[in-house]
Amino acid sequence: MAKRFTKPAINWVELEKRVPPEQKTNFFAFKGKVDSYLRRVLANPPEPPKINWDEYQKSVPIPGLVDKFKKEYEAFKVPFPQDTLTSKVEEQWKELEPQIKAFCANLQKEIEASQKELQRIKSLPKFEEMTMEMFYELYPDQALDPVNKPTFWPHTPEEQGVSPEKTSTKGGY
């Protein structure tokens, strides 16, 4: 007796979640073909129909021919392909599992660092409420300091709106 599939071996819902949006049409076409093949297989009975050998014995005039066919028919077995790749795939998976875990651990560290940075940013005062003094306390290297740094970074004449020809050697540019 042939092994019948009672439920699909593929979790189509989970697979569909992993398909990129631009490949959805190909995915649904593939799923449709698989479903049609499965319907065609399930439309056939699990066992081939029984042959009434006695009826053939009466109607075939050549002696021994029906017995020969019966013996060969019963001896014939349809070969089912052997699974030779599952062990290789499992070996590859065992090799990749530590790399995947290390990658996930690194990503988790990045996620935690990003969440801390996000919390730091959320803890800052709103832009509309921030004063120049607050900005100077939070970012002293970027804030305006007219006494010590009378210009903004980068301290080049082009960025300060001064043409290079009009700059003097005494001005500090």
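For the single chain, residues carry numbers from 1 onward in sequence order. This structure is a prediction, so every number in the text was calculated from the model and none was measured.
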Engineer: Donor-acceptor check, side chain of Thr86 to backbone of Asp83, threshold 3.5 angstrom: yes or no?
Structural biologist: no

Engineer: Leu138 versus Pro125: any side-chain heavy-atom pair under 4.5 Å?
Structural biologist: yes

Engineer: Output yes when Lys94 and Glu97 qualify as a salt bridge under the 4.0 Å nitrogen-oxygen rule, no when they do not.
Structural biologist: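 Glu97 and Lys94: not salt-bridged.
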
Engineer: From Ile10 CD1 over to Leu38 CG, what is the distance, rounded to the nearest 0.5 angstrom?
Structural biologist: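 Reported to 0.5 Å precision, the distance equals 10.0 Å.
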
Engineer: Could you check Glu14 against Lys17 for salt bridge (Lys or Arg N to Asp or Glu O under 4.0 Å), going step by step and ending with a plain yes or no?
Structural biologist: CA-CA 5 Å; Glu14 285 297 317; Lys17 289 178 186 175; 3.2 Å; yes

Engineer: Looking at every non-hydrogen atom in both residues, tell me the closest pair between Glu74 and Trp53 and how far apart they are.
Structural biologist: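 The pair with the smallest heavy-atom distance is OE2-NE1, 4.5 Å.
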
Engineer: I'd like to know if Asp54 pairs up with Lys58 as an ion pair, taking the criterion as any Lys NZ or Arg NE/NH1/NH2 lying under 4.0 Å from an Asp or Glu carboxylate oxygen.
Structural biologist: no

Engineer: Taking the side chain as every heavy atom from C-beta outward, state whether Phe103 and Leu107 have any pair of such atoms under 4.5 Å apart.
Structural biologist: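 Touching, per the 4.5 Å side-chain cut-off.
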
Engineer: If Ile, Leu, Val, Met, Phe, Trp and Tyr residues are connected whenever their side-chain heavy atoms lie under 4.5 Å apart, and connections chain through other members, are Ile51 and Ile62 in the same group?
Structural biologist: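 Linked, Ile51 and Ile62 end up in one cluster.
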
Engineer: Report whether Met132 and Met134 are members of the same hydrophobic cluster (ILVMFWY, side-chain heavy atoms less than 4.5 Å apart, transitive linking).
Structural biologist: no

Engineer: Around atom CD1 of Ile100, are there more than 12 heavy atoms from other residues, nucleotides or ligands closer than 6.0 Å?
Structural biologist: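 Enclosed: over 12 neighbouring heavy atoms sit under 6.0 Å from CD1 of Ile100.
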
Engineer: Could you give the distance from CG (Leu96) to CD (Gln92), rounded to the nearest 0.5 Å?
Structural biologist: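 If we round to the nearest 0.5 Å, Leu96:CG and Gln92:CD are 7.0 Å apart.
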
Engineer: Using side-chain heavy atoms (C-beta onward) and a distance below 4.5 Å, is Phe27 in contact with Leu15?
Structural biologist: yes

Engineer: Suppose we call two aromatic rings close when their centres sit under 6.0 Å apart. Are Phe69 and Tyr73 close by that rule?
Structural biologist: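 No.
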
Engineer: I need the Cys104 SG to Gln108 CD distance, nearest 0.5 Å.
Structural biologist: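 Going from SG on Cys104 over to CD on Gln108, the span is 9.0 Å.
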
Engineer: Is there a salt bridge (Lys or Arg N to Asp or Glu O under 4.0 Å) between Lys31 and Asp35 once you walk through the steps?
Structural biologist: CA-CA 6 Å; Lys31 186 176 181 318; Asp35 290 342; 3.0 Å; yes

Engineer: How long is the span from the CD atom in Glu129 to the CG atom in Leu124, to the nearest 0.5 Å?
Structural biologist: 11.5 Å

Engineer: Which heavy atom of Gln57 sits nearest a heavy atom of Val66, and at what distance?
Structural biologist: OE1-CB, 3.0 Å

Engineer: Rounded to the nearest 0.5 Å, how far apart are CZ of Arg120 and CD of Glu117?
Structural biologist: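 Separation between the atoms: 4.0 Å.
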
Engineer: Evaluate the side-chain proximity of Phe28 to Glu16: yes if any heavy-atom separation is below 4.5 Å, no if none is.
Structural biologist: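 The answer is yes, as the side chains (C-beta and beyond) meet within the 4.5 Å cut-off.
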
Engineer: To the nearest 0.5 angstrom, please state how far the CE atom of Met130 sits from the CD atom of Glu133.
Structural biologist: 11.5 Å

Engineer: Could you walk me through whether Trp12 and Val34 pass the side-chain contact (heavy atoms from CB on, under 4.5 Å) check?
Structural biologist: CA-CA 11 Å; Trp12 291 104; Val34 169; 3.7 Å; yes

